[in-house]
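Accompanying notes for the structure given below.
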Amino acid sequence: MEKGKNHHFVLVHGACHGAWCWYKVVTILRAEGHKVSVLDMAASGIHPKRTEELNSMAEYNEPLIEFLANLPQEERVVLVGHSMGGINISLAMEMFPQKICVAVFVTAFMPGPNLDIVAISQQV
């Protein structure tokens, strides 16, 4: 990440939250000249899908995946996930490595080679 350059931040909320939780961070980043996108994951915040309609983490993650899929080919983002949002950004990083400049895990789940989503859910 180049210092002094304006970046596009994509902020992903954690469990039991919505995009609204980033309002202070959004204000600060935009005041510094950065582009900021905040998303409601499926059945969160103002997203119209209901919790009962979700059958998988992939469905929950659809708003982020659709957003990244629709970015211009050359655009790279700073992906930020909080809490359970770490799982979301991990999945997105695997699907779109060329679109991620850097990922930031803010007190977030961070799956790895020996700690996958199944292992995380068994320990919760």
Side-chain angles (χ1 to χ4, degrees):
M1 213 166 102
E2 296 176 42
K3 189 172 178 145
K5 180 182 176 190
N6 290 341
H7 297 281
H8 183 179
F9 287 82
V10 178
L11 309 178
V12 180
H13 63 80
C16 303
H17 278 105
W20 55 266
C21 72
W22 294 105
Y23 75 96
K24 288 183 180 181
V25 175
V26 170
T27 302
I28 293 166
L29 289 171
R30 287 184 178 153
E32 291 295 319
H34 299 289
K35 181 177 179 181
V36 183
S37 299
V38 290
L39 308 169
D40 280 316
M41 295 296 98
S44 301
I46 62 170
H47 191 280
K49 193 167 243 182
R50 297 174 44 136
T51 306
E52 299 82 23
E53 298 172 319
L54 294 177
N55 296 306
S56 67
M57 193 64 183
E59 286 182 18
Y60 177 76
N61 206 32
E62 281 176 0
L64 176 59
I65 300 308
E66 288 175 17
F67 179 84
L68 292 172
N70 290 315
L71 279 176
Q73 186 70 22
E74 69 283 349
E75 187 166 358
R76 297 180 70 204
V77 300
V78 177
L79 202 51
V80 181
H82 172 252
S83 178
M84 192 171 85
I87 295 171
N88 302 96
I89 69 171
S90 294
L91 294 170
M93 289 166 55
E94 289 179 12
M95 293 179 73
F96 301 100
Q98 73 284 1
K99 292 188 178 185
I100 313 301
C101 174
V102 67
V104 180
F105 291 76
V106 181
T107 60
F109 289 109
M110 187 178 205
N114 299 319
L115 183 63
D116 60 14
I117 293 173
V118 174
I120 289 172
S121 63
Q122 289 174 344
Q123 292 188 19
V124 175

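Since the model is a prediction, treat every value here as computed from it, not as a measurement.
The two residues F109 and F105 come nearest to each other via the heavy atoms O-CD2, 3.4 Å. Closest heavy-atom contact between P63 and A42: CG-N, 3.5 Å. Residue A103 comes nearest to I89 through the heavy atom pair CB-CD1, 4.3 Å, listed as atom of the first residue, atom of the second, then distance.
In this structure E59 satisfies the side-chain contact (heavy atoms from CB on, under 4.5 Å) test together with K49, L54, N55, S56, E62, sequence neighbours excluded.
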Compile the donor-acceptor pairs under 3.5 Å between side chains in residues 13-28 and protein atoms, sequence neighbours left out, one pair per line.
{"from": "H13", "atom 1": "ND1", "to": "H17", "atom 2": "O", "distance (Å)": "3.4"}
{"from": "H13", "atom 1": "NE2", "to": "M41", "atom 2": "N", "distance (Å)": "3.0"}
{"from": "H17", "atom 1": "ND1", "to": "A15", "atom 2": "O", "distance (Å)": "3.2"}
{"from": "T27", "atom 1": "OG1", "to": "Y23", "atom 2": "O", "distance (Å)": "2.9"}

Enumerate, atom names and distances included, each donor-acceptor pair closer than 3.5 Å involving a side-chain atom of residues 29-38, sequence neighbours excluded.
{"from": "R30", "atom 1": "NH2", "to": "V36", "atom 2": "O", "distance (Å)": "2.8"}
{"from": "H34", "atom 1": "ND1", "to": "H7", "atom 2": "N", "distance (Å)": "2.9"}
{"from": "S37", "atom 1": "OG", "to": "H8", "atom 2": "NE2", "distance (Å)": "2.7"}

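Remark: side-chain polar atoms of R76 are not paired, donor with acceptor, to backbone N or O of K99 under 3.5 angstrom.
Distance check, rounded to the nearest 0.5 Å: CG of L79 to CD1 of I100 gives 4.5 Å. In this structure, L11 CG and L64 CG are separated by 11.0 Å, a value rounded to the nearest 0.5 Å. Distance CG/L68 to CE/M95: 9.0 Å, rounded to 0.5 Å.
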